[in-house]
Amino acid sequence: MTANLLDFDLEGLAAFCAELGEKRFRATQLFRWIHQKGARDFGQMTDLAKPLRQKLEGNARVEGLPLISQHESADGTIKWLFDVGDGNAVESVFIPEADRGTLCISSQAGCAVGCRFCSTGHQGFSRNLTSGEITGQLWFAEHFLRQHLKTGGDRVISNVVMMGMGEPLQNYAALVPALKTMLDDHGYGLSRRRVTVSTSGVVPMIDRLSEDCPVALAVSLHAPNDALRDKLVPLNRKYPIAELLDACNRYLVHAPRDFITFEYCMLDGVNDLPEHARELAHLLQTHRGQGVSCKLNLIPFNPFPASGLVRSPQQRVQAFAKILSDAGIVTTVRKTRGDDIDAACGQLAGDVQDRTRVDRRIAQQRTVMLKPVPADTTKEA
Ligand code: SAH
Ligand code: SF4
């Protein structure tokens with residue numbers, strides 16, 4: 001099998017070229033063809049010497065993910081479903097805004113963390129994506145969008161968020177080369193501040209990321225205390241809140257931004273009451289006496305039938321946000337985009353051949369259900 005060049009960051013590609021007896025600057029040229037121009041045919045790469053092109057034909061390929069479907073929302077959001085083999089599919093979402101274009105990327109087929117409120121979590125885990133499958137989502141989307149939006153070759157995607165399917169820090173070895181390709185000036189040239197890894201809190205890997213590739217960090221908190229977080233984010237039993245916040249403070253020393261973004265999914269009656277808001281403000285401001293420099297992003301829960309959970313009413317979200325803001329924590333409420341095509345956070349379901357018996361684990365966790373579920377909870381204001 002030939003090597004898929006999408007698997008390599010520039011260092012990796014240089015090593016691959018060295019094996020073919022080629023100098024480093026050839027790797028740089030090749031990397032630019034692939035990522036800056038979206039080329040896949042070596043024959044197209046006219047400034048590479050013919051013998052090199054022939055060597056590449058025999059040893060390498062540039063192979064994106066097979067596209068299964070594309071849906072475009074009324075608000076311009078586009079969702080793609082990609083085939084990753086063995087009955088698994090993953091999703092990527094492009095979210096256009098006036099001043100930026102954000103791509104939301106998947107890191108795994110499914111997810112083993114099994115959060116109560118997440119439809120990916122409910123599907124269980126099949127496998128890690130390779131670096132090429134992670135990078136391939138950006139490679140495809142960027143070059144597709146340049147044509148689709150007729151930008152005349154100008155870049156479209158300015159921000160990447162690792163907030164699609166999967167827990168990126170449980171696929172660390174594949175994640176890092178993909179991040180490096182995103183940041184590389186010969187690749188996508190994205191700013192570290194505009195590439196965000198979102199994690200449910202894999203503490204040791206937060207430390208490693210700070211050394212290997214410090215990008216912006218978002219941490220999915222969802223609860224102000226361990227008793228509640230244990231139920232919503234099962235990983236909390238392994239890495240409880242105090243350890244997670246310590247890791248956040250260590251990360252801030254290296255981070256490209258001087259704050260961590262905490263994500264908090266608003267679940268009706270579960271974690272959205274004024275006392276939760278006060279407890280959260282206290283936690284974030286007094287942890288180990290110094291608090292954590294942060295912003296808080298409240299995410300309206302995007303319901304899916306199997307969750308048994310309900311989105312918090314808007315008034316409750318506003319009241320929650322006000323308590324946090326009044327306490328001095330910068331708090332925003334995430335706009336829901338791509339609702340009409342099920343592209344909103346936590347709705348990315350793809351198709352996963354579960355290997356973890358997640359249905360059984362989640363059935364065991366159902367003790368957390370706090371409210372009976374009204375018949376129609378799938379679309380709410
Ligand atoms: N595994 C990583 C990244 C993917 S999830 C993480 O958990 O951070 C990206 C974000 O979507 C997380 O903050 C997650 O908590 C949130 N999310 C998951 N399910 C959701 C849902 N049904 N509604 C709203 N947000 C959800
Ligand atoms: Fe996995 Fe993140 Fe979903 Fe939790 S919220 S199950 S960590 S993808």
Side-chain angles (χ1 to χ4, degrees), residues 90-93 95 102-126 128-129 134 160-172 175 195-202 205-206 209 215-223 229-239 244 248 260-268 270-272 295-312 317 332-339 342-350 352 354 356 358-359 361-362 365 377-380:
V90 300
E91 290 175 319
S92 315
V93 180
I95 305 142
T102 302
L103 187 70
C104 177
I105 291 185
S106 295
S107 57
Q108 299 179 310
C111 181
V113 178
C115 298
R116 267 296 274 114
F117 48 83
C118 172
S119 88
T120 306
H122 275 244
Q123 289 188 310
F125 176 69
S126 181
N128 280 329
L129 299 189
I134 298 172
V160 167
V161 293
M162 298 300 307
M163 294 186 186
M165 298 167 69
E167 169 48 60
L169 295 188
Q170 288 188 339
N171 185 14
Y172 190 78
L175 174 71
V195 173
T196 302
V197 167
S198 176
T199 180
S200 55
V202 191
M205 294 300 146
I206 292 176
L209 189 67
V215 292
L217 187 68
V219 170
S220 296
L221 197 56
H222 308 309
R229 194 165 190 269
D230 279 351
K231 293 174 182 159
L232 297 176
V233 183
L235 194 64
N236 195 66
R237 294 179 211 143
K238 195 161 181 195
Y239 304 115
L244 179 56
C248 290
I260 303 283
T261 304
F262 288 113
E263 294 163 281
Y264 196 103
C265 179
M266 300 293 286
L267 304 166
D268 186 20
V270 175
N271 64 356
D272 65 346
K295 290 188 180 175
L296 182 67
N297 195 208
L298 302 178
I299 315 174
F301 171 57
N302 292 307
F304 56 99
S307 74
L309 295 163
V310 180
R311 179 183 287 187
S312 304
V317 178
T332 50
V333 179
R334 184 175 296 171
K335 277 180 283 175
T336 300
R337 298 285 303 263
D339 234 354
D342 280 352
C345 299
Q347 286 182 325
L348 303 188
V352 173
D354 180 31
T356 59
V358 73
D359 45 349
R361 276 194 291 136
I362 286 187
Q365 285 169 27
T377 57
T378 45
K379 284 276 182 289
E380 200 204 318

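All ligand and atom numbering here is 1-based and tracks the order in the structure.
- Of all protein heavy atoms, the one lying nearest to atom 4 (Fe) of ligand 2 is Cys115 SG, 2.3 Å.
- Without hydrogens or angle criteria, His122 side chain to Gly114 main chain gives no donor-acceptor distance under 3.5 Å.
- Among the atoms of Cys111, an N, O or S atom falls under 2.8 Å of atom 1 (Fe) of ligand 2.
- The heavy-atom pair separating Gln108 from Phe125 by the smallest distance is NE2-CE1, 3.6 Å.
- Under a 4.0 Å heavy-atom criterion, Gly164 is in contact with ligand 1.
- Nearest-residue assignment for atom 2 (Fe) of ligand 2 (options Ser220, Gly166, Gly121, Pro168; heavy-atom criterion): Gly166.
- With ligand atoms numbered from 1 in the order given, ligand 2 contributes 7 (S) to contacts under 4.0 Å with heavy atoms of Ser200.
- Contacts of Asn302 with ligand 1, taken as heavy-atom pairs under 4.0 Å, involve both backbone and side chain.
- Smallest separation of non-hydrogen atoms from Val317 and Met266: CA-CE, 3.9 Å.
- What you find for Ala109 and Val90 is that their closest heavy atoms are CA-CG1, 3.9 Å.
- Here is the list of ligand 1 atoms found below 4.0 Å of a heavy atom in Met162: 3 (C).
- Across all non-hydrogen atoms, the minimal contact from Glu167 to Thr199 is OE2-OG1, 2.9 Å.
- In terms of heavy-atom proximity, Ser200 sits nearest to Leu235 at OG-CD2, 3.6 Å.
- Closest protein heavy atom to atom 3 (Fe) of ligand 2: Cys118 SG, 2.3 Å.
- Near Gly114, with a cut-off below 4.0 Å to any heavy atom, the atoms of ligand 2 are 6 (S).
- Which parts of ligand 1 touch Thr199 is read off a 4.0 Å heavy-atom cut-off, strictly below it: atoms 6 (C), 8 (O).
- Closest non-hydrogen pair, Phe301 versus Ser307, comes out as CZ-OG, 3.4 Å.
- Judged by distance alone, the side chain of Ser312 and the main-chain N or O of Leu267 form a donor-acceptor pair under 3.5 Å.
- Considering Pro168, Cys111, Ser119, Ser220 only, the shortest heavy-atom separation from atom 13 (O) of ligand 1 involves Ser220.
- Taking a 4.0 Å cut-off on heavy atoms, Pro303 fails to register as neighbouring ligand 1.
- Of the inter-residue distances, the one linking Arg229 atom CZ with Ser220 atom OG reads 7.5 Å to the nearest 0.5 angstrom.
- Distances from ligand 1 to the non-hydrogen atoms of Met165 include no value under 4.0 Å.
- In this structure, Ser107 falls outside the shell of residues with a heavy atom less than 4.0 angstrom from ligand 1.
- For Met163, heavy-atom contacts with ligand 1 shorter than 4.0 Å involve the backbone as well as the side chain.
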